[in-house]
Each structure stands twice: as structure tokens, then as C-alpha cells.
Amino acid sequence: ELKVEQNPLFLSMQEGKNYTIYCNYSTTSDRLYWYRQDPGKSLESLFVLLSNGAVKQEGRLMASLDTKARLSTLHITAAVHDLSATYFCAVDIRRNGGATNKLIFGTGTLLAVQP
Amino acid sequence: NAGVTQTPKFRILKIGQSMTLQCTQDMNHNYMYWYRQDPGMGLKLIYYSVGAGITDKGEVPNGYNVSRSTTEDFPLRLELAAPSQTSVYFCASSYPPGQGSEQYFGPGTRLTVT
């Protein structure tokens, strides 16, 4: 059974600082997604990582995937208040060696960026 | 394009009542999904569909039913509502895995069962 763990679960950081959110998963997969959720809102897609070694960057956020370590990271550079949200990673369940689009989500990391 | 739309936005049900959550997408996506999100938690997959007439169970299907008669619509039926079904329900859609698999989410339905 695929399990997805994120840490930390809660992150309070100051503006201008850097930090990394970690997403570990328990079985083989080479597709991982990062989503952002603002309070009371729906999920917004941030990154789609489709292979080992994939790295994607958008603004102050950079995501990477290491399928051998079963680990993805979401790195925040010089945080600003607008990045305050909950961030979820989600891992694709593989079947018969292929992707299924069935996702297992992590429990999320609540990021609070303080001025 | 409206994307993924869901109705209603909010609903309060009494224990034992039934209801249908509606979901429609206008992106011509083959794949559609229903998730639930409990407070402070990630999303859990209830049911999904890879095309009209084809549905399959996800992680937490008990107490729910789905149908997929058209590409656009994927309603979720709750029979005999229970307090444990109090949650926020999200519908999503995507292309198949080989064609870009990013899922697009609707705004959600907040359901309370009392």
C-alpha cells in the first residue's frame, strides 16, 4: 500500500528565509505532483514531476524528484507572505508498470510566512 | 472555459438522508475523480472514472456511488448519510496518464451531516 508522508506538517518562517518541505513515499512511483491550497479554497496545481531527477521552478518555489530515494522536495527561496498556504504532494499509484492517475495525497504542510 | 464546476457549494443533511453532488467539466477530459478532504488532512480518492460508462473504486468508496453517462458529468451519490461523511468533497478531471496527467479541481462542496 502506498503511503505518502510530508514533513514538517506545520512551518512558520520569516519573510526572506529559505526552507524545504519534504515528501516521502513508500512504493515505486515516478510521478509526483505538488498542489497549493489556500484556506477554504480548492487545490491549485504547482508542479508535475514525471521522471527521476525532474526539477521544476516557478518564482520562489522549486520542486525536485528522486525516485530512487522515493523523495520529493519543495524548496522555498526568500519567502514572502503571499506564499502562506497549505502545500500537498501527491503520488501516482503505478499499476502494471504504468501510471494510473490515481493519487495518494500527503497530509499537507501548513506554511505561515511571518513579516 | 468554466473548468470543473460543482453544485451545491454547501449542504446540511440529516442522518439517513440521501443526496447527489454534481460535477461537470468542459475541458473534454476523459478522466474524472471524486475526493473527500477531512479537516487538516489531505485528499482521499473516493471513486474515479476513465471515461463514460467506466468507473472504479478509490481508497474510501464505502457509502458512495457514482455513474458516468457522459464525458462531461460525474455525479456522486450519498445514500443514507452518516456523520462520518461530513467533509469537503472535491471533483477533479484530467487527460489520461500519457497525455499530461495534471488534475484540475472544482471549487468543492462542503457537506455537514447532523
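Note that this is a predicted model, so its numbers are computed, not measured.
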Chemist: Give the member of A:Gln37, A:Gln6, A:Glu44, A:Lys41 that has the highest number of heavy-atom pairs under 4.5 Å with chain B.
Modeler: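 So the answer, after comparing A:Gln37, A:Gln6, A:Glu44, A:Lys41, is A:Gln37.
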
Chemist: Non-hydrogen atoms of chain B under 4.5 Å away: do they reach the side chain of A:Thr86, the backbone, both or neither?
Modeler: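 Interface part for A:Thr86: neither.
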
Chemist: Using the rule that Ile, Leu, Val, Met, Phe, Trp and Tyr join whenever any side-chain heavy atoms are under 4.5 Å apart, tell me whether B:Phe105 and B:Tyr89 fall into a single cluster.
Modeler: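 No.
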
Chemist: Which heavy atom in A:Leu43 sits nearest to a heavy atom in B:Leu43, and how many Å separate them?
Modeler: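 In this case the closest contact between A:Leu43 and B:Leu43 is CD1-CD1, 3.9 Å.
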
Chemist: Using the rule that Ile, Leu, Val, Met, Phe, Trp and Tyr join whenever any side-chain heavy atoms are under 4.5 Å apart, tell me whether A:Tyr19 and A:Phe10 fall into a single cluster.
Modeler: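 Different clusters.
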
Chemist: Looking at A:Ala99 and B:Pro97, what are the two nearest heavy atoms and their distance?
Modeler: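 Here A:Ala99 and B:Pro97 meet closest at O-CG, 3.6 Å.
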
Chemist: Where is the tightest heavy-atom contact between B:Tyr31 and A:Thr100, given as atom of each residue plus distance?
Modeler: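 Closest pair (atom of B:Tyr31, atom of A:Thr100, distance): CE2-O, 3.7 Å.
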
Chemist: Do B:Gln103 and A:Tyr35 come within less than 4.5 Å of each other through their side chains, counting heavy atoms only?
Modeler: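 Contact flag for B:Gln103/A:Tyr35 side chains = yes.
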
Chemist: Does one hydrophobic cluster hold both A:Val91 and A:Ile21, with members joined at side-chain heavy-atom distances below 4.5 Å?
Modeler: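 Yes.
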
Chemist: With a 4.5 Å heavy-atom cut-off, do A:Lys102 and B:Tyr48 have their side chains touching?
Modeler: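 Yes; the side chains approach each other to less than 4.5 Å.
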
Chemist: Do B:Tyr33 and A:Asn101 have a side chain donor and acceptor closer than 3.5 Å?
Modeler: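 Yes, a side-chain donor-acceptor pair sits under 3.5 Å.
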
Chemist: Could you tell me the separation between the CD atom of B:Glu102 and the OH atom of A:Tyr33, rounded to the nearest 0.5 Å?
Modeler: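 So the CD of B:Glu102 and the OH of A:Tyr33 are separated by 8.5 Å.
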
Chemist: For the side chain of A:Ser42 and the backbone of B:Gly106, is there at least one donor-acceptor N/O pair under 3.5 Å apart?
Modeler: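 Checked: pair present.
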
Chemist: Other residues, nucleotides and ligands only: do more than 12 of their heavy atoms fall within 6.0 Å of CD1 on B:Ile12?
Modeler: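 Incorrect, the count does not exceed 12.
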
Chemist: At their closest point, which heavy atom of A:Gly40 faces which heavy atom of B:Arg110, and how far apart are they?
Modeler: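 Closest heavy-atom pair between A:Gly40 and B:Arg110: CA-NH2, 4.2 Å.
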
Chemist: Go through A:Asp92, A:Ile93, A:Leu103, A:Leu50 and name the one with the most non-hydrogen pairs under 4.5 angstrom from chain B.
Modeler: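 The candidate making the most pairs under 4.5 Å is A:Leu103.
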
Chemist: Are there residues of residues 58-78 of chain B whose heavy atoms fall under 4.5 Å of chain A's heavy atoms? If so, which?
Modeler: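 Residues of residues 58-78 of chain B touching chain A at under 4.5 Å: B:Glu59.
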
Chemist: Is there a path of hydrophobic side-chain contacts, each under 4.5 Å between heavy atoms of I, L, V, M, F, W or Y residues, that connects A:Leu83 with A:Leu110?
Modeler: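 Different hydrophobic clusters.
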
Chemist: If hydrophobic clusters are built from ILVMFWY residues whose side chains come within less than 4.5 Å, do B:Leu13 and B:Ile15 share one?
Modeler: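 Per the 4.5 Å side-chain linkage, B:Leu13 and B:Ile15 are co-clustered.
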
Chemist: Decide if atom CD of A:Glu5 counts as having more than 12 heavy atoms of other residues, nucleotides or ligands within a radius under 6.0 Å.
Modeler: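 Check fails, neighbour count at 12 or below.
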
Chemist: Should the heavy atoms of other residues, nucleotides or ligands under 6.0 Å from CE of B:Met19 be counted, would the total exceed 12?
Modeler: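 It does: B:Met19 CE has more than 12 such atoms within range.
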
Chemist: Given a strict heavy-atom distance threshold of 4.5 Å, which part of B:Tyr35 is in contact with chain A: side chain, backbone, both, or neither?
Modeler: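 When you check distances to chain A, only side chain atoms of B:Tyr35 fall under 4.5 Å.
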
Chemist: Need one label for A:Glu1: side chain, backbone, both or neither, based on atoms under 4.5 Å from any heavy atom in chain B.
Modeler: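 It is neither, since no heavy atom gets under 4.5 Å.
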
